[in-house]
Protein chains: 2
Amino acid sequence: MTQQSRRQFGLSASNRAPYYAWEPEGPTVKTDIPGPQAKAAIAELDEVFDTRSLNMLTDYQKSSGNYIADPDGNVLLDVYAQIASIPIGYNNPALLKAAQGDDMINGLINRPALGNFPPSDWADVLKTGILKVAPKGLDQVFTAMAGSDANETAYKAAFMWRRQHERGGAHVEFTADEMASAMDNKLPSGQTELSIMSFKTGFHGRLFGSLSTTRSKPIHKLDIPAFDWPQATFPQLKYPLDAHAAENAAAEQAALAEVEHLITTYPAPPCAVIVEPIQSEGGDNHASPAFFRGLRALTRKHNVLLIVDEVQTGVGATGKFWAHDHWDLQDPPDMVTFSKKAQTAGYYFGNPELRPNKPYRQFNTWMGDPARALLFRAIVGEIERLDLVRNTARVGDYLYGKLEALASKYPGQFANLRGKGMGTFIAFDNPRRDEFLARAKKFGVNIGGSGQSAVRLRPMLIFQEHHADILLEALEKIAKSW
Amino acid sequence: MTQQSRRQFGLSASNRAPYYAWEPEGPTVKTDIPGPQAKAAIAELDEVFDTRSLNMLTDYQKSSGNYIADPDGNVLLDVYAQIASIPIGYNNPALLKAAQGDDMINGLINRPALGNFPPSDWADVLKTGILKVAPKGLDQVFTAMAGSDANETAYKAAFMWRRQHERGGAHVEFTADEMASAMDNKLPSGQTELSIMSFKTGFHGRLFGSLSTTRSKPIHKLDIPAFDWPQATFPQLKYPLDAHAAENAAAEQAALAEVEHLITTYPAPPCAVIVEPIQSEGGDNHASPAFFRGLRALTRKHNVLLIVDEVQTGVGATGKFWAHDHWDLQDPPDMVTFSKKAQTAGYYFGNPELRPNKPYRQFNTWMGDPARALLFRAIVGEIERLDLVRNTARVGDYLYGKLEALASKYPGQFANLRGKGMGTFIAFDNPRRDEFLARAKKFGVNIGGSGQSAVRLRPMLIFQEHHADILLEALEKIAKSW
């Protein structure tokens, strides 16, 4: 964007300079998407790889900053960002530098079994990277590969922790019955099943344990065996919030009452509750800080662990580094899981009791990827250098204000606008959502959906006011085009 | 190793030249392991990361080829290789070159959601890498992150495939009851539970679904909920094989009969059987090609899928690229899973019906890691260039012969020697196994164990006769030192 056009949009050039000079000034749409080049490549790919979920074949070499490119020369403003996974832009120069570093190359070509043969600088890599941004009260980390196994290893820690309590402590040895029944996938005699509780419309992954807590859509779950674990209703808030304050507070109270009821009565009592700060795949469902403080109090009261799933909300997008920082908790969660923008995955914990009583109970060959951990360290460095969490909070407020105006101007097109004060983690409902997303591409923007009808915005942390203006202009064009 | 010492060991220098000139000539043991430097670093690491499973703190920069180094200047011949995960040596120059390439850097810093936004060259990356070495009869791939999720996504494919058959085909839509019950983690009315069958002492991962099929040790399974899935006895062969031919054949027949009994009578019938070509974590348990051909015939007869778990056996170590190539199957497995030496993970399949009937049923955000897929392509290139699978077959035969001699000389120390004709994938039992492994370090070799008493050899594919001689010398020193 030129100085002139920036002025035209009413932006102050001084504090709104682009972070990176190499970005295009705006989108370019040359062909239908997919265009002829993409179509040919997709047909070739489909011979060996399922392409039915393909959204846009991407030319990553030509993508830069907030812009995603395709093989036909189309360049879109990307506010989907690989399902919220790109933190600081395509081909970020700081990441390029990190990728060329000796330690990165070493981490890439000499992949360690981290539990057995950690690199001698592993403590330093963790402390200057992943742990530098650890949530308050949590100072230890178990590294993993992706969001699903981050959650599942956290569940395993919860089960082991609860059983250890039942046994009477870390020093109590396993009985012969416990060892024999475990080998037979059975409970030892006299023991009751335990469970992990999650919320309706929540999403926590697609492997067998995590999928048992995922409750977003049938297509994720059909035909896959699942554990008989409880689900509580997530408060379904009405918008605008200030017009429905009493009703929403009542919905949250009812949800908390249901949580307590399930904790105290479910045949397989939960040893942990997992919750997303904003239910992301399930449709961008929010709840108030008071609800989450209530959930922390309830879980503490009943000796149930609280796992906060920050796989999609973490790493700055809500205008705080962790979305649960918005809750102002005095008593931190027991575990916080992360992935996506971290480019690596795992869970944080603070309580030493969440280290199981014996080694090899929480273990696997790789336990993460040092190359990806190094990349996260570089991402953290760039977030700090450019103060990107604060940027996202400010740009989010700017964007939200303009979206409110659009919502007034085009009733029904930007329904249930939500995410105020949550950085750029903003969503709205559109009655013809899928068509809305398809048209967005024609107007130069790549946007994703969630739940049944939500348009979810997931810009990168380097999304600035001038990007917001381009997005808003495209959104208005779509609304006008119906 | 010098020309002179190579001659001294009776090696022909001409065809036994080291693949890489930068390797040390042999191990160096300067201190106890861990030495003072390592001890200090481990104490620091333990503050934030569980170190109780730590085997050896590693200096990867100083490691090279078959040799692993630590911060105290110790350099060991490594025949454990990050739990069988290092294929072509530490700091391999071909991988260094690949890591510095533009496409690798691009794959590292622009991580795609592969199911939605695959790179435009993804078909090419797959075809020139992962798919170039696809097992016979299997021409499609689902990419994943690690062995556990490779197996679990294969299980999901099996469940969806079987239910599709029950429904009457891909065109039959899901019923309202199916969709509602799935959201409630329940079966639709009238449906029977299905299962995945595995073998006793087998290992298939540590997440909730894969752990339900893992039957190696209680420590992996204690306190973690598991599905009620069947386990069949894996034949327990007696050694030497030629002295127990009839008995072993009977054990294999009995195991197959048990498999058929479980398939036809288990309350939750298996839709798939998963098996390792050599049970690796469970103690290096072998079975004959005839057993596996029988298993293929039985699963085919009963319309049960056969999943071959090549996470540890794959990529050359048995003297064939895939261990199941030893079976001489006319009818290929339905799925083959891979990880470890591939540095990436996933499963191969051939049958188009193993693509579920709708998109987003087999999906996740990352679906693997392009950087790791590129690394595997470079590994495949180096394996081909140096003919490393053939090398491993030849060196394995050499090593096995020398181990037979050691076993005769030191009765009981190298018991149940196994892996003849299986490349360097060789193991033996030692009554004081853990002490054996500890002493190996003092004599300059890093070796791993498996099961209760097995010493498992997992050299890299660049392990040559002169490395075998160093290993054999160390093994004899240990045997003598009791």
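Order of the sequence lines fixes the chain letters, A, B, ..., with proteins taken first and strands second; residue numbering starts at 1 for each chain.
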Practice prompt. Give a yes or no on this: more than 12 heavy atoms of other residues, nucleotides or ligands lie within 6.0 Å of atom NZ of K186(B).
Written response: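 Count over threshold, so yes.
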Fill in: Greater than 12 external heavy atoms within 6.0 Å of K200(A)'s NZ
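Above 12, so yes.
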Please classify the contact of [X] with chain B as side chain, backbone, both or neither, using a heavy-atom distance under 4.5 Å.
X: S85(A); result: side chain
X: E47(A); result: both
X: S216(A); result: backbone
X: I219(A); result: both
X: L207(A); result: both
X: W122(A); result: both
X: P230(A); result: neither
X: N92(A); result: backbone
X: I68(A); result: side chain
X: N110(A); result: both
X: L96(A); result: both

Discussion item. Please tell me whether F142(A) and F49(B) form a close aromatic pair, meaning their ring centres lie under 6.0 Å apart.
Written reply: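 Ring centroids of F142(A) and F49(B) are no less than 6.0 Å from each other.
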Distance check, rounded to the nearest 0.5 Å: [X] atom [atom1] versus [Y] atom [atom2]?
X: L222(B); Y: T175(A); atom1: CG; atom2: OG1; result: 8.5 Å
X: L114(B); Y: L45(A); atom1: CG; atom2: CG; result: 9.5 Å
X: Q343(B); Y: L108(A); atom1: CD; atom2: CG; result: 8.5 Å
X: K62(B); Y: N106(A); atom1: NZ; atom2: CG; result: 12.0 Å

For chain B, which of [options] has the most heavy-atom pairs under 4.5 Å?
options: A123(A), P359(A), G107(A), P356(A); answer: P359(A)
options: G115(A), A99(A), G209(A); answer: G115(A)
options: D369(A), L131(A), D102(A), I42(A); answer: D369(A)
options: T143(A), T214(A), N91(A); answer: N91(A)
options: L95(A), T51(A), L57(A), D139(A); answer: L57(A)
options: A158(A), P112(A), P71(A), A41(A); answer: P112(A)

Going by heavy atoms in the side chains, are [X] and [Y] under 4.5 Å from each other?
X: P225(A); Y: Y155(B); answer: no
X: Q100(B); Y: Q100(A); answer: no
X: S53(B); Y: N116(A); answer: yes
X: S148(B); Y: N364(A); answer: no
X: I83(A); Y: W366(B); answer: no

Item to complete: State whether the side chain of N185(A) and the backbone N or O of F227(B) hold a donor-acceptor pair below 3.5 Å, judged by distance alone.
Response: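 Yes: the side chain of N185(A) pairs with the backbone of F227(B).
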Worksheet item: If you measure only the distance, is there a donor-acceptor pair under 3.5 Å linking the side chains of Q231(A) and D184(B)?
Response: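 Per modelled atom types, Q231(A) and D184(B) side chains form a pair under 3.5 Å.
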Highest number of heavy-atom pairs under 4.5 Å with chain A: which of [options]?
options: F159(B), Y80(B), F174(B); value: F159(B)
options: M104(B), M179(B), H220(B); value: M179(B)
options: E193(B), Q362(B), E152(B); value: E152(B)
options: R163(B), R361(B), M160(B); value: R361(B)
options: P218(B), A268(B), P352(B); value: P218(B)
options: A113(B), P118(B), A98(B), S63(B); value: P118(B)

Compare every heavy atom of [Y] with every heavy atom of [X], then report the nearest pair and how far apart it is.
X: A371(B); Y: R372(A); result: CB-NH2, 3.9 Å
X: K221(A); Y: A182(B); result: CE-O, 3.0 Å
X: M183(A); Y: K217(B); result: SD-C, 3.5 Å

Discussion item. Under the side chain to side chain donor-acceptor pair (under 3.5 Å) test against T365(B), which residue among R206(A), Q82(A), K340(A), E281(A) passes?
Written reply: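 So, applying the side chain to side chain donor-acceptor pair (under 3.5 Å) to T365(B) and each of R206(A), Q82(A), K340(A), E281(A), only K340(A) qualifies.
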Item to complete: Mind checking side chain to side chain donor-acceptor pair (under 3.5 Å) for S120(A) and listing every partner two or more places apart, or none if nothing turns up?
Response: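 Here no residue qualifies.
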Worksheet item: Which residue, K156(A), R167(A), K358(A), R162(A), forms the salt bridge (Lys or Arg N to Asp or Glu O under 4.0 Å) with D223(B)?
Response: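 Looking at K156(A), R167(A), K358(A), R162(A), the match for D223(B) under the salt bridge (Lys or Arg N to Asp or Glu O under 4.0 Å) is R167(A).
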Worksheet item: Residues two or more places apart in sequence or in another chain: which of them pass side-chain contact (heavy atoms from CB on, under 4.5 Å) with D72(B)?
Response: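 Partners of D72(B) under the side-chain contact (heavy atoms from CB on, under 4.5 Å) test: T31(B), P36(B), Q37(B), A38(B), D70(B), N74(B).
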Worksheet entry | Evaluation steps, side-chain contact (heavy atoms from CB on, under 4.5 Å), between R355(B) and D46(A) | CA-CA 11 Å; R355(B) 280 193 193 184; D46(A) 192 66; 3.0 Å; yes
Item to complete: On the 0 to 90° scale, with breaks at 30° and 60°, tag the W229(B)-F208(A) ring pair as parallel, tilted or perpendicular.
Response: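 Judged by the thresholds at 30° and 60°, the geometry between W229(B) and F208(A) is perpendicular.
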Item to complete: Kindly indicate, with the supporting measurements, whether the criterion side-chain contact (heavy atoms from CB on, under 4.5 Å) is fulfilled by K127(A) and V48(B).
Response: CA-CA 8 Å; K127(A) 287 181 183 178; V48(B) 294; 4.2 Å; yes
Practice prompt. Check the pair D124(B) / E44(A) against side-chain contact (heavy atoms from CB on, under 4.5 Å), numbers first and verdict last.
Written response: CA-CA 9 Å; D124(B) 182 62; E44(A) 190 199 346; 5.6 Å; no
Item to complete: Assess whether side-chain contact (heavy atoms from CB on, under 4.5 Å) is satisfied between I109(B) and Y60(A), documenting all intermediate values.
Response: CA-CA 10 Å; I109(B) 70 177; Y60(A) 287 96; over 6 Å; no
